[in-house]
Amino acid sequence: MFAAGYETTSTTMKWVLAFLVNYPKYQEAIQLQLDEEVADHTPSLENRSRLPLIQATIIEALRVGNVVPLAVPHVTLTDTTLCGYRVPKDTIVFVDTESVHLNSKCWEDPTVFNPYRHIDEDGQLITNQGNFFPFGAGRRVCAGESLAKVELFLFMSWMLQKFTFVAEEDGRPPKLEGIFSLTQFPVPYKIRAIKRK
């Protein structure tokens with residue numbers, strides 16, 4: 001459980017940083033929100049409700065980066081049908097989360113990174129859109145979901161409060177291409193962290 005949690009959390013952070021270097025306007029907006037809501041204090045869980053943009057950015061990185069494109073396999077308990085197909089009892093089933101996360105029927109411009117799609121008109125985080133499954137769904141949802149969300153929020157808010165992340169000196173931002181293994185991680189990249197004043 002710890003190995004799975006470490007791998008997915010670190011991979012998600014790699015995606016968040018890659019996207020923010022490619023889309024610096026979102027990084028600037030997050031830092032402005034941090035400056036206004038947290039000021040000189042270290043961000044904590046108490047600040048989470050007042051920092052919706054960093055949470056939306058993490059959600060969007062999980063969606064577009066699609067860290068777990070194939071969810072943990074399940075087995076059908078009875079004969080059933082799905083979309084008109086017969087699925088016999090004891091069939092091993094893999095959920096293709098990418099088919100939902102990057103589906104134009106579920107998302108407008110699905111391959112475009114836009115954290116604001118997870119924020120409502122009142123500036124509040126939209127937490128359940130019904131077409132977002134990075135941790136699975138139902139009774140078998142990932143046991144580490146709550147811990148992962150806390151870790152990602154704290155780590156990313158701490159880092160973005162202290163540093164601005166930019167492309168290497170040659171100006172080339174990270175490629176936004178995934179490499180599939182047990183998880184889908186971004187193509188290895190190098191960036192610079194510049195201490196904020």
Side-chain angles (χ1 to χ4, degrees), residues 4-27 29-30 48 51-76 82-85 87 91-121 124-153 155-157 160 173-189:
Y6 170 79
E7 169 63 25
T8 53
T9 300
S10 64
T11 299
T12 302
M13 289 172 60
K14 290 175 191 173
W15 276 115
V16 171
L17 291 173
F19 283 120
L20 290 178
V21 170
N22 275 273
Y23 297 92
K25 64 183 179 183
Y26 298 131
Q27 184 171 189
I30 288 169
R48 194 156 53 163
L51 297 169
L53 187 53
I54 192 152
Q55 294 181 83
T57 300
I58 292 165
I59 290 170
E60 185 71 345
L62 284 164
R63 187 190 70 79
V64 181
N66 209 43
V67 175
V68 184
L70 292 175
V72 176
H74 291 71
V75 176
T76 55
L82 179 64
C83 300
Y85 292 95
V87 183
T91 299
I92 297 174
V93 179
F94 288 87
V95 177
D96 177 8
T97 60
E98 188 168 296
S99 69
V100 176
H101 291 165
L102 300 179
N103 188 328
S104 60
K105 293 177 183 174
C106 299
W107 304 95
E108 185 178 328
D109 296 323
T111 58
V112 174
F113 180 79
N114 177 10
Y116 286 100
R117 73 174 81 230
H118 305 285
I119 295 180
D120 67 18
E121 313 81 48
Q124 298 301 308
L125 185 69
I126 301 169
T127 56
N128 186 5
Q129 297 190 34
N131 48 3
F132 178 67
F133 305 105
F135 299 99
R139 294 184 310 179
R140 305 280 187 301
V141 71
C142 174
E145 179 179 6
S146 297
L147 177 61
K149 287 179 177 179
V150 166
E151 289 175 334
L152 289 166
F153 170 77
F155 294 156
M156 294 312 307
S157 61
L160 290 165
K175 290 183 181 179
L176 298 177
E177 300 171 10
I179 297 173
F180 181 75
S181 182
L182 293 174
T183 58
Q184 181 165 268
F185 54 91
V187 172
Y189 61 84

Check your understanding: What pairs with R48 under salt bridge (Lys or Arg N to Asp or Glu O under 4.0 Å), at least two apart in sequence or on another chain?
Key ->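 Testing R48 for salt bridge (Lys or Arg N to Asp or Glu O under 4.0 Å), a comparison that skips the adjacent residues, returns none.
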
Ignoring hydrogens, what is the shortest heavy-atom contact between [X] and [Y]? Give both atom names and the distance.
X: S99; Y: D96; result: OG-O, 2.6 Å
X: L62; Y: H101; result: O-ND1, 4.2 Å
X: L53; Y: P115; result: CD1-CB, 4.0 Å
X: K14; Y: Y189; result: O-OH, 2.6 Å
X: V21; Y: P174; result: CG1-CD, 3.5 Å

Point to revise | I92 atom CD1, over 12 foreign heavy atoms within 6.0 Å | key: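 No, CD1 of I92 has 12 or fewer neighbouring heavy atoms, counting only those of other groups under 6.0 Å.
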
If you round to the nearest 0.5 Å, how far is [atom2] of [Y] from [atom1] of [X]?
X: N66; Y: T183; atom1: CG; atom2: OG1; value: 10.5 Å
X: T91; Y: H74; atom1: OG1; atom2: NE2; value: 14.0 Å
X: I30; Y: I58; atom1: CD1; atom2: CD1; value: 8.0 Å
X: M13; Y: L152; atom1: CE; atom2: CG; value: 7.0 Å
X: I59; Y: T127; atom1: CD1; atom2: OG1; value: 7.5 Å

Check your understanding: In terms of the angle between their ring planes, are W15 and F19 parallel, tilted or perpendicular, with boundaries placed at 30° and 60°?
Key ->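 Because their plane-to-plane angle is under 30°, the rings of W15 and F19 count as parallel.
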
Check your understanding: Do the side chain of R63 and the main chain of N131 share a donor and acceptor less than 3.5 angstrom apart?
Key ->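 Flag not set: sc R63 to bb N131 has no pair under 3.5 Å.
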
Review point. Are the charged groups of R117 and E60 less than 4.0 angstrom apart, N to O?
Key: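 Judged by the 4.0 Å cut-off on N to carboxylate O distance, R117 and E60 do form a salt bridge.
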
